[in-house]
Undergrad: 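Have a look at this one before I ask anything.
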Amino acid sequence: APYNLEKDFAPVSLLASISFLVIVPPSLPAKNMQELIALAKAKPGTLNCAHSGPGTTAHLGCEMLKSAAKIDIVPIPYKGTVPAIIDVVAGQAQLMFAVMQGGLPQVKAGKLRAVAITGKKRHPSIPDVQTISEAGYAGADFVTWNGIHIPVKTPKAIVAKLNAEFDRILKLPDVKDRMFDLGLDPVGGSAESFGTFVKEDIARWARVIKDANVKAGTLKPAEERLAPYIAAKFNKRSVPSRMAIHITPSQFWGASAPS
């Protein structure tokens, strides 16, 4: 049955934020974001921006960059992140917004060049790569995030206890190190601040979708996109009955504990 994230679920904890890399093939004559934008302006309509499918964060990143930099690049959909990255490595596509976990290993291996990173700060493993805001294109800045929601009727005392426990775990040095290795930036904080963040994030991405004229028909329902993964994870043929899945354009998905 249809559900509303803000009405049917209670926020518990913002676990992590995830930055994206703007990646290009080493053969592209652009060493930084400014050179990439200059190239796009010099050759309008010739640079392909690969992404992992219509309505995904990588797709909307292409659209946001088009608007913020006033350039004509061509968003090209792929059936997932991996084939998109493969074509950028091969030079078939000229740029991409790649999540840290997917893009950083290729950058470290020299197969791709990172010209910018989204988010508030540079990444220590690639300190010379400026943030997209530092490059002058704050309008194309965004992060994705992971968080926990539970059914809205859950007693507030339980929400508070869960929030405190997640906060404690996120501060453990080994957990922080492991999350960092995976490209995740631990966040934490109160359930109330997470709820405010969610409202603002939904509103922001709704504006991006409207401005980019992304049609609802191009987006697959969350259940269709995630059901095979969830079924495999829990070794069941269908999604557990108490599992609630939600995806916003910022790639958030939260789930209550399975029965």
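Remember, it's a predicted structure, so these values are computed and weren't measured experimentally.
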Undergrad: Could you tell me whether a side-chain N or O of R113 sits under 3.5 Å from a main-chain N or O of A30, the two making a donor and an acceptor?
TA: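 Flag set: sc R113 to bb A30 pair under 3.5 Å.
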Undergrad: In the structure I gave you, are the side-chain heavy atoms of Q130 and Q34 within less than 4.5 Å of one another anywhere?
TA: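 Touching, per the 4.5 Å side-chain cut-off.
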Undergrad: I need the full list of disulfide (SG to SG under 2.5 Å) pairs touching residues 110-176, with sequence neighbours left out, sorted by first then second residue.
TA: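 Qualifying pairs: none.
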Undergrad: So do L104 and I126 actually touch side chain to side chain, heavy atoms under 4.5 Å?
TA: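 Yes, their side chains come closer than 4.5 Å.
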Undergrad: Is there a side-chain contact between L15 and F166 in this structure, where contact means two heavy atoms from C-beta onward sitting under 4.5 Å apart?
TA: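 A side-chain contact under 4.5 Å exists here.
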Undergrad: Side chains of I202 and L5, heavy atoms from C-beta outward: is any pair under 4.5 Å?
TA: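 They are in side-chain contact.
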Undergrad: Any pair with a residue in residues 131-143 that passes salt bridge (charged side-chain N to carboxylate O under 4.0 Å, His left out), sequence neighbours left out, goes on the list, sorted by first then second residue, please.
TA: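 Found R122-E134.
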Undergrad: For K176, which residues count as a side chain to side chain contact (heavy atoms under 4.5 Å, CB included) partner, sequence neighbours excluded?
TA: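 K176 satisfies side chain to side chain contact (heavy atoms under 4.5 Å, CB included) with P186 once adjacent residues are dropped.
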Undergrad: Looking at R204, I'd like to know if its CZ atom is crowded, meaning that more than 12 non-hydrogen atoms belonging to other residues, nucleotides or ligands lie closer than 6.0 Å.
TA: yes
Undergrad: For residues 28-45, pull every pair meeting salt bridge (charged side-chain N to carboxylate O under 4.0 Å, His left out), keeping only residues two or more places apart or in separate chains.
TA: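 Pairs touching residues 28-45 that pass the test: none.
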Undergrad: Does one hydrophobic cluster hold both I37 and I117, with members joined at side-chain heavy-atom distances below 4.5 Å?
TA: no
Undergrad: Kindly write out the residues that satisfy salt bridge (charged side-chain N to carboxylate O under 4.0 Å, His left out) with K7, not counting sequence neighbours, or none if the list is empty.
TA: none
Undergrad: Test of understanding: with side chain to side chain contact (heavy atoms under 4.5 Å, CB included), list the residues that count as partners of V152, not counting sequence neighbours.
TA: none
Undergrad: Do the ring planes of W145 and F197 sit parallel (below 30°), tilted (30 to 60°) or perpendicular (above 60°)?
TA: perpendicular
Undergrad: Given side chain to side chain contact (heavy atoms under 4.5 Å, CB included), test F9 with N4 step by step and report yes or no.
TA: CA-CA 8 Å; F9 293 89; N4 183 295; over 6 Å; no
Undergrad: Which atom pairs, one a donor and one an acceptor, fall under 3.5 Å between side chains of residues 79-90 and the rest of the protein, sequence neighbours left out?
TA:
from, atom 1, to, atom 2, distance (Å)
D87, OD2, Y78, OH, 2.7

Undergrad: Any side-chain heavy atom of L21 sitting closer than 4.5 Å to one from V107?
TA: yes
Undergrad: Any pair with a residue in residues 91-105 that passes salt bridge (charged side-chain N to carboxylate O under 4.0 Å, His left out), sequence neighbours left out, goes on the list, sorted by first then second residue, please.
TA: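 Passing the test, one end in residues 91-105: no pairs.
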Undergrad: Quick one: are I18 and Q101 in side-chain contact, heavy atoms under 4.5 Å?
TA: yes
Undergrad: Taking only residues at least two apart or on different chains, which pairs with a member in residues 36-61 satisfy ring pair (Phe, Tyr, Trp, His ring centres under 6.0 Å)?
TA: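 Pairs touching residues 36-61 that pass the test: H51-H59.
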Undergrad: N48 side chain to A50 main-chain N or O, any donor-acceptor pair under 3.5 Å?
TA: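 Side chain of N48 to backbone of A50, a donor-acceptor pair under 3.5 Å: no, none is there.
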Undergrad: For the pair N32 (side chain) and V115 (backbone), establish whether a donor and an acceptor sit closer than 3.5 Å, ignoring hydrogens and angles.
TA: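 No, because the side chain of N32 does not come within donor-acceptor range (under 3.5 Å) of the backbone of V115.
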Undergrad: Going by side chain to side chain contact (heavy atoms under 4.5 Å, CB included), H149 matches just one of T154, V159, V198, D8. Which one?
TA: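 Single side chain to side chain contact (heavy atoms under 4.5 Å, CB included) partner of H149 among T154, V159, V198, D8: V198.
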Undergrad: Please confirm whether the backbone N or O of F142 pairs with a side-chain atom of T118, one donor and one acceptor, at under 3.5 Å?
TA: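 Yes, T118 side chain to F142 backbone: donor-acceptor pair under 3.5 Å.
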Undergrad: Hey, are T196 and S193 close enough side-chain-wise for a donor-acceptor pair under 3.5 Å?
TA: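 Judged by distance alone, the side chains do not pair up.
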Undergrad: Are L184 and F180 connected in the hydrophobic side-chain network, where two residues link if heavy atoms are under 4.5 Å apart?
TA: no
Undergrad: Going by the rule side chain to side chain contact (heavy atoms under 4.5 Å, CB included), which residues pair with D211 if we only count those two or more places apart in sequence or in a different chain?
TA: none
Undergrad: Report yes or no: do L182 and I23 belong to one cluster of Ile/Leu/Val/Met/Phe/Trp/Tyr joined by side chain heavy-atom distances under 4.5 Å?
TA: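 No.
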Undergrad: The criterion is salt bridge (charged side-chain N to carboxylate O under 4.0 Å, His left out); which residues satisfy it with R168, sequence neighbours excluded?
TA: E165
Undergrad: Side chains of M100 and F20: closer than 4.5 Å at any heavy-atom pair?
TA: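 No. Closest side-chain heavy atoms not under 4.5 Å.
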Undergrad: So, taking the atom named CG in N163 and the one named CD1 in I150, what distance separates them when rounded to the nearest 0.5 Å?
TA: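 It is 10.0 Å, given to the nearest 0.5 Å.
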Undergrad: Taking it one step at a time, do L47 and L95 satisfy side chain to side chain contact (heavy atoms under 4.5 Å, CB included)?
TA: CA-CA 7 Å; L47 300 188; L95 70 146; 4.1 Å; yes
Undergrad: The criterion is side chain to side chain donor-acceptor pair (under 3.5 Å); which residues satisfy it with D181, sequence neighbours excluded?
TA: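 With neighbours one apart ignored, the set is empty.
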Undergrad: Using a 4.5 Å cut-off on heavy atoms from C-beta on, say whether the side chain of V214 contacts that of P54.
TA: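 They are not in side-chain contact.
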Undergrad: Is V208 linked to I132 within one hydrophobic cluster, defined over Ile, Leu, Val, Met, Phe, Trp and Tyr using a side-chain heavy-atom separation of less than 4.5 Å?
TA: yes
